[in-house]
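The first residue in the sequence is number 1, and the count goes up from there.
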Amino acid sequence: MTADPPDDDGSYRNPVLNADWSDPDVVRVGDDFYLTASSFGRAPGLPLLHSRDLVGWTLVGHALERLEPAAEFRSPRHDGGVWAPALRHHDDRFWIFWGDPDQGVFQINAPRVRGPWTRPHLVKAGRGLIDPCPLWDDESGEAYLVHAWARSRSGVNNRLTGHRMRPDGTELLDDGKVIVDGDRIPGWFTLEGPKLHRHDGWFWIFAPAGGVATGWQGAFRSRDFFGPYEPRIVLEQKDTDVNGPHQGGWVRTPAGEDWFLHFQQRGPYGRVVHLQPMRWDADGWPVLGADGAPVTVHRRPALPPQPPAAPATDDDFPGGRFGRQWQWTANPRAGWATQHSADGLRLACVRSADADDLRLLPHVLTQRLPGAPSAVEVELRLHSEEPGARAGLAVLGDAFGWIGLQRAADGSAQVVHRFAEPNAARERDAAPPLPAPEGRVRLRVEAGAGARCRFLHDVGDGPRPSAGPVFAATPWRWVGALLGLFATAPAGTGPAGTATFTRFRIDPL
């Protein structure tokens, strides 16, 4: 979902992607722009977005079908997996490099953005290796890679390490050298997210520092890849309300305009994406936004006009298939969702000892929580006679809340509303159960300002608000809150039935 539509005077309004498209990177190929973002532990991973005007974006697929090694992602790892990818086009192929903080630097590539993509190749093993970015230097024929460090895994951060790399991107050719040490730059901390470029005879590293909520965007330049590099802050909050504007990608249009896409951390909404104009000053340094401050409204890029576009959210689940906007909370397994001849998402009530904690379930189907006040609706029918089987619509983060149907011990279907606080071991009732005589219900979540959520249900006599309290959505450590559909049942043996979801809709409030 985008923010406000473009203004009639030829301007656009930030954010251009008003949801959690974390750590964006962008590349242009001909007249087309492509963007990818962090996907952490969800599958499929590495979303691929397309635009022709840098303002309207559509989701065209994912580059990573499953996370590897597969055994590591059988269960949710909400803050692990794919961190801060770099997207490049070289030698008539698309390339994506990313860091898994627990495994190392991975790479995949494909002849077309829609694939087929190669299986992940581990370029460099090691804990704490994050945010890699390659560069193929057309001037020298050399290939390079730069990456940052995660203190939580390696014990160090605030530094960037550079390597020579084989031109085929399969391995690094040296042990690496620290080419930018943030500890030596007064006032700099948490230097990370480097993006490597060659421009005007310089090696350039665009890299943020200062933390995701409070930081700034830096630029570094050197005549030699291994340094020394000069630093400069090129984008910061200043007197705007855009906190921590940083970490993203520079792209040039066919007409020679420069633009920079970056994120802003917005709590439960995650990291929304802004588009900043970019120019070069008389000393050859990049200037982002309005003299280094983020813009809210600006002239659109000088590109051919395009129809308004945004990543899909609504879904009728034709034939039981779900759209590209959905991701599982871990690698999927056969039988979780069933294709059939009608519309509707048919989910198996997967048995689990963790049925009362959605944060631990791998079979929750999720999409991003919109960054603007929205109403989320879906119709649900429970086809299960198993006591304790349940299905519903969730707002999922470090805390979660959900509303849906559950089969009671006496065989009746009930509308239930439950939640769990951060660090709570199990969910608890937010309101007393209510009868759902036909085992069907229309569910609604109204996510208002600040992602404060009201839960409603309709069993045929009109929508009624839950008696439970308003739920304040919360993010994970690095991931915004998610919307989720799920079906589950207590541990046991044998099939536990299914649940069918139809007409999923998200509308502005």
Side-chain angles (χ1 to χ4, degrees), residues 1-2 18-20 59 268-269 310-327 337 342-347 358 364-383 390-397 400-406 413-419 430-431 433-473 480-488 498-509:
M1 177 176 287
T2 60
N18 197 9
D20 187 26
L59 178 64
Y269 302 113
T313 56
D314 296 353
D315 207 340
D316 287 319
F317 310 108
R321 295 177 295 273
F322 49 85
R324 298 186 182 101
Q325 65 268 35
W326 298 97
Q327 296 169 289
D343 287 350
L345 175 68
R346 187 175 296 167
L347 296 182
L358 299 183
V364 182
L365 195 61
T366 67
Q367 65 167 284
R368 293 160 180 83
L369 178 71
S374 303
V376 184
E377 289 194 353
V378 69
E379 296 175 5
L380 167 64
R381 185 161 189 174
L382 183 62
H383 315 279
R390 77 279 300 271
L393 169 65
V395 179
L396 182 62
F400 68 85
W402 68 273
I403 190 166
L405 295 175
Q406 177 168 294
Q414 297 178 331
V415 177
V416 294
H417 175 199
R418 296 200 171 113
F419 76 101
L434 297 170
E438 298 182 7
R440 62 193 315 161
V441 65
R442 182 155 191 83
L443 306 170
R444 179 179 173 95
V445 175
E446 296 178 349
R452 292 176 60 81
C453 300
R454 298 175 66 241
F455 293 79
L456 302 93
H457 68 277
D458 181 356
V459 293
D461 53 356
R464 298 177 182 274
S466 167
V470 171
F471 172 75
L482 299 166
L483 300 171
L485 304 177
F486 72 94
T488 192
T498 62
T500 300
F501 295 87
T502 53
R503 283 191 51 81
F504 183 92
R505 297 289 184 270
I506 299 180
D507 294 304
L509 271 180

Inset, instruction - Considering non-hydrogen atoms only, spot the tightest contact between Val415 and Ala436 and give its length. - result: CG2-CB, 3.9 Å
Legend entry - Separation between CD of Glu377 and CG of Asp507, rounded to the nearest 0.5 Å: 7.5 Å
Legend entry - Shortest non-hydrogen contact between Pro465 and Leu456, atoms and distance: CA-CG, 3.8 Å
Legend entry - Closest non-hydrogen atom pair between Ala391 and Trp402, with its separation: O-CZ3, 3.9 Å
Inset, instruction - Say whether, by atom type as modelled, one donor and one acceptor occur between the side chain of Asn18 and the main chain of Pro370 under 3.5 angstrom. - result: no
Legend entry - Side chain proximity check, Phe317 to Leu485, heavy atoms < 4.5 angstrom: yes
Inset, instruction - Kindly say whether Thr313 contributes a backbone atom to a donor-acceptor pair with the side chain of Gln325 at under 3.5 angstrom? - result: yes
Legend entry - N/O donor-acceptor pair under 3.5 Å between Arg442 side chain and Asp458 backbone: no
Inset, instruction - Could you pull out the closest heavy-atom pair between Asp20 and Gly480, with the gap in Å? - result: OD2-N, 2.9 Å
Legend entry - Separation between CZ of Phe504 and CG of Leu443, rounded to the nearest 0.5 Å: 10.5 Å
Legend entry - Main-chain N/O of Arg346 paired to Thr500 side chain as donor or acceptor, under 3.5 Å: no
Legend entry - Gap between atom CG of Leu382 and atom CZ of Phe501 - 0.5 Å precision: 9.0 Å
Legend entry - Where Gly468 and Ala431 come nearest, the two heavy atoms and their spacing: N-CB, 3.6 Å
Legend entry - Presence of salt bridge, Glu379 and Arg440, under 4.0 angstrom: no
Legend entry - Inter-residue atom distance His417.NE2 - Leu434.CG, 0.5 Å rounding: 11.5 Å
Inset, instruction - Mind checking the CH2-CD spacing from Trp326 to Gln367? Nearest 0.5 Å is all I need. - result: 4.5 Å
Inset, instruction - Look only at the side chain of Glu446 and the backbone of Leu509, and say whether a donor-acceptor pair between them is shorter than 3.5 Å. - result: no
Inset, instruction - Assess whether side chain to side chain contact (heavy atoms under 4.5 Å, CB included) is satisfied between Leu483 and Ile506, documenting all intermediate values. - result: CA-CA 11 Å; Leu483 300 171; Ile506 299 180; 3.8 Å; yes
Legend entry - Presence of salt bridge, Arg505 and Asp316, under 4.0 angstrom: yes
Legend entry - From Phe486 atom CZ to Leu396 atom CG, the distance as rounded to the nearest 0.5 Å: 9.5 Å
Legend entry - Which atom of Gly401 lies closest to which atom of Phe471, heavy atoms considered: N-CZ, 3.5 Å
Legend entry - Given Leu345, Leu393, Val441, the one that forms side-chain contact (heavy atoms from CB on, under 4.5 Å) with Val378: Leu393
